[in-house]
There are 2 protein chains.
Amino acid sequence: MSKQAASSPRLDLTADAPCCPPLAQRRVPAGTAAALAPAFKALGDPVRLQLMSMIASAEGGEACVCDLTPAFDLTGPTISHHLKTLREAGLVDAERRGTWVYYRARPALLRQLAALLTVEPTAAS
Amino acid sequence: MSKQAASSPRLDLTADAPCCPPLAQRRVPAGTAAALAPAFKALGDPVRLQLMSMIASAEGGEACVCDLTPAFDLTGPTISHHLKTLREAGLVDAERRGTWVYYRARPALLRQLAALLTVEPTAAS
DNA sequence: CGTCTGCTTAGACAAACGTCGAGACAGGTT
DNA sequence: AACCTGTCTCGACGTTTGTCTAAGCAGACG
């Protein structure tokens with residue numbers, strides 16, 4: 001995919017968080033862009049954005065799939081697919097407890113994304 | 001596309017900015033998700049993320065296409081296409097001045113996205 | 001006026017995405 | 001054990017995306 005990835009597209013951002021001076025402050029290097037873009041892409045769908053919010057804002061910090069699915073006019077497999085996308089992007093974590101599966105947010109990555117998008121309150125112009 | 005948009009998918013977020021309590025604080029309504037997701041999607045590509053950063057961090061707040069294009073191993077039309085995507089997402093603005101076209105960031109939308117992703121320094125868990 | 005350079009548009013194509021239905025697996029219940 | 005319910009995996013189908021080449025438009029310059 002693309003010819004522009006000259007440097008190694010590996011940063012391990014889901015583990016620790018060494019990165020992220022604001023996007024508008026310093027030019028984001030290719031490696032960082034390649035590592036963080038998937039997270040933004042995962043949030044780039046209305047359904048997943050709502051899912052992310054429902055999970056992150058849920059009481060106790062976790063939400064059951066059985067509560068998430070009926071909130072949309074979509075089939076179970078489709079919701080499951082979107083949750084898998086969020087999981088693979090490192091935005092959420094899943095845990096099975098008895099009959100139900102619970103999802104919880106990973107605040108670290110969310111913080112990185114927020115930090116990257118941060119702009120001075122009244123910077124340029 | 002999708003059957004889940006029961007409420008009106010119209011919010012006009014690119015104009016003013018009435019929105020955005022943090023994603024983890026209150027459940028994002030469908031309309032807001034539909035309005036903001038395209039911006040995240042636009043940032044969900046490594047090339048566009050770098051372009052966005054190069055534009056936002058450029059001196060004088062603007063960057064010439066002639067400076068952006070040679071930073072990637074991609075053809076001119078491809079860069080132009082990505083810039084159009086950023087423009088249509090409301091993230092940047094373009095202006096032709098003589099021979100060259102200059103792009104500048106729209107901080108308002110960036111701030112909305114950052115606000116949405118904001119999480120308490122040490123909230124839940 | 002002709003031509004050159006910078007940027008965008010148009011068309012084409014492979015790859016990825018969003019959705020679904022059918023089926024598989026895990027756990028609880030009878 | 002047999003069954004039921006909740007969730008995920010698998011394949012399929014139509015749409016969208018990222019990239020390219022070729023062609024078009026806008027200014028600058030000879």
Side-chain angles (χ1 to χ4, degrees), chain A residues 1-6 9 30 33-34 37-52 54-55 62-89 91-104, chain B residues 1-6 9 30 33-34 37-52 54-55 62-89 91-104:
Chain A
M1 51 182 80
S2 99
K3 305 187 290 181
Q4 64 84 33
F40 283 119
K41 182 190 284 191
L43 294 176
D45 181 282
V47 174
R48 287 195 295 264
L49 197 51
Q50 287 182 82
L51 282 171
M52 188 68 220
M54 293 172 73
I55 294 168
E62 59 184 13
C64 172
V65 175
C66 59
D67 290 330
L68 299 174
T69 304
F72 303 87
D73 287 350
L74 293 170
T75 65
T78 297
I79 297 299
S80 186
H81 161 70
H82 283 307
L83 288 171
K84 181 181 180 182
T85 301
L86 289 173
R87 218 183 319 134
E88 288 177 345
L91 287 165
V92 301
D93 221 349
E95 181 194 359
R96 162 159 241 137
R97 220 149 57 226
T99 305
W100 292 283
V101 175
Y102 294 90
Y103 280 76
R104 77 172 50 232
Chain B
M1 51 177 79
S2 99
K3 305 186 293 180
Q4 64 85 33
F40 283 119
K41 183 191 283 191
L43 294 176
D45 181 281
V47 174
R48 287 195 295 265
L49 197 51
Q50 286 182 83
L51 283 171
M52 189 67 220
M54 294 172 72
I55 294 168
E62 59 184 14
C64 172
V65 176
C66 58
D67 289 331
L68 300 174
T69 303
F72 303 88
D73 287 350
L74 293 171
T75 65
T78 298
I79 298 298
S80 186
H81 160 70
H82 283 307
L83 289 171
K84 181 181 181 183
T85 301
L86 289 174
R87 218 183 319 134
E88 290 177 343
L91 287 165
V92 301
D93 221 347
E95 182 195 358
R96 159 159 242 139
R97 220 149 55 227
T99 305
W100 293 283
V101 176
Y102 295 90
Y103 279 76
R104 78 171 50 230

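Letters A, B, ... mirror the listed sequences (proteins, then strands); counts begin at 1. Side chains are part of it too, since the values below use all heavy atoms of this structure and drop only hydrogens, waters and symmetry mates.
- Here the nucleotide nearest the side chain of B:Trp100, chosen from D:dC20, C:dT19, C:dC7, is C:dC7.
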Give every pair of a protein N or O atom and an N or O atom of nucleotides 10-12 of chain D that lie under 3.5 Å apart, one pair per line with the distance.
none

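- The distance from atom OH of B:Tyr103 to atom P of C:dC7 is 9 Å, rounded to the nearest whole Å.
- In this structure, the CZ atom of A:Arg48 is 8 Å from the C1' atom of C:dC17, given to the nearest Å.
- Taking all atoms of both residues into account, the shortest heavy-atom contact from A:Leu49 to B:Ala37 is CD2-N, 4.0 Å.
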- Note on the structure: Scoring nucleotides 25-30 of chain D by protein non-hydrogen atoms under 4.0 Å (B base, S sugar-phosphate only, - none) yields --SS--

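- Under 4.0 angstrom from either OP1 or OP2 of D:dT17 there lies at least one side-chain N or O belonging to B:Lys41.
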Pairs under 3.5 angstrom only: tabulate donor-acceptor contacts from the side chains of residues 78-86 of chain A to other protein residues two or more places apart or in another chain.
| unit_1 | atom_1 | unit_2 | atom_2 | d |
| --- | --- | --- | --- | --- |
| A:Thr78 | OG1 | A:Thr75 | OG1 | 3.1 |
| A:His82 | ND1 | A:Arg48 | NH1 | 3.1 |
| A:Thr85 | OG1 | A:His81 | O | 3.1 |

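- Counting any heavy atom pair closer than 4.0 Å across all strands shown, A:His81 reaches a base atom.
- Taking both residues in full, the closest heavy atoms of B:Trp100 and B:Cys66 are given as CD1-SG, 3.5 Å, listed atom of the first, atom of the second, then distance.
- Counting to the nearest Å, the P atom of C:dG18 and the CG atom of A:Asp73 are 18 Å from each other.
- For the pair A:Ile79 CD1 and C:dT19 C1', the computed distance is 11 Å after rounding to whole Å.
- The CG-P distance, from B:Asp67 to C:dG6, rounds to 12 Å in whole Å.
- Nearest heavy-atom pair across B:Ala71 and B:Met54 is CB-CE, 3.6 Å.
- Considering only residues two or more places apart in sequence or on other chains, A:Asp67 meets the side-chain hydrogen bond (donor to acceptor under 3.5 Å, both in side chains) condition with none of them.
- The two residues B:Thr69 and B:Gly76 have their closest heavy-atom pair at CG2-CA, 4.1 Å.
- Annotation: side-chain hydrogen bond (donor to acceptor under 3.5 Å, both in side chains) contacts of A:Arg87 (sequence neighbours excluded): A:Tyr103.
- Residues B:Ala33 and A:Pro46 share a closest heavy-atom pair of CB-O, 3.7 Å.
- Residues A:Arg87 and B:Asp45 each lie close to DNA chain D; by heavy-atom proximity, the contact nearer the 5' end of the strand is made by A:Arg87.
- Note that CZ of B:Phe40 is 15.5 Å distant from NZ of A:Lys41, once rounded to the nearest 0.5 Å.
- Across A:Ala42 and A:Ala89, no two heavy atoms sit closer than the pair CB-CB, 3.6 Å.
- In this structure, A:Thr85 and B:Gly76 both approach DNA chain C, and ranking their closest nucleotides by distance from the 5' end singles out B:Gly76.
- Rounded to an integer number of Å, the gap from B:Phe72 CZ to D:dC20 C1' is 17 Å.
- Rounded to whole angstrom, the span from the NE2 atom of B:His82 across to the P atom of C:dC7 amounts to 16 Å.
- Distances from the side chain of A:Thr78 to the nucleotides D:dT19, D:dC8, C:dC20 place C:dC20 closest.
- When distances are taken from the side chain of B:Ser80 to each of C:dT19, C:dT8, C:dC7, the shortest belongs to C:dT8.
- As judged by a 4.0 angstrom heavy-atom cut-off over every strand, B:Tyr102 is placed among residues making no nucleic acid contact.
- A straight line from CG of B:Leu51 to C1' of D:dG18 spans 13 Å, rounded to a whole angstrom.
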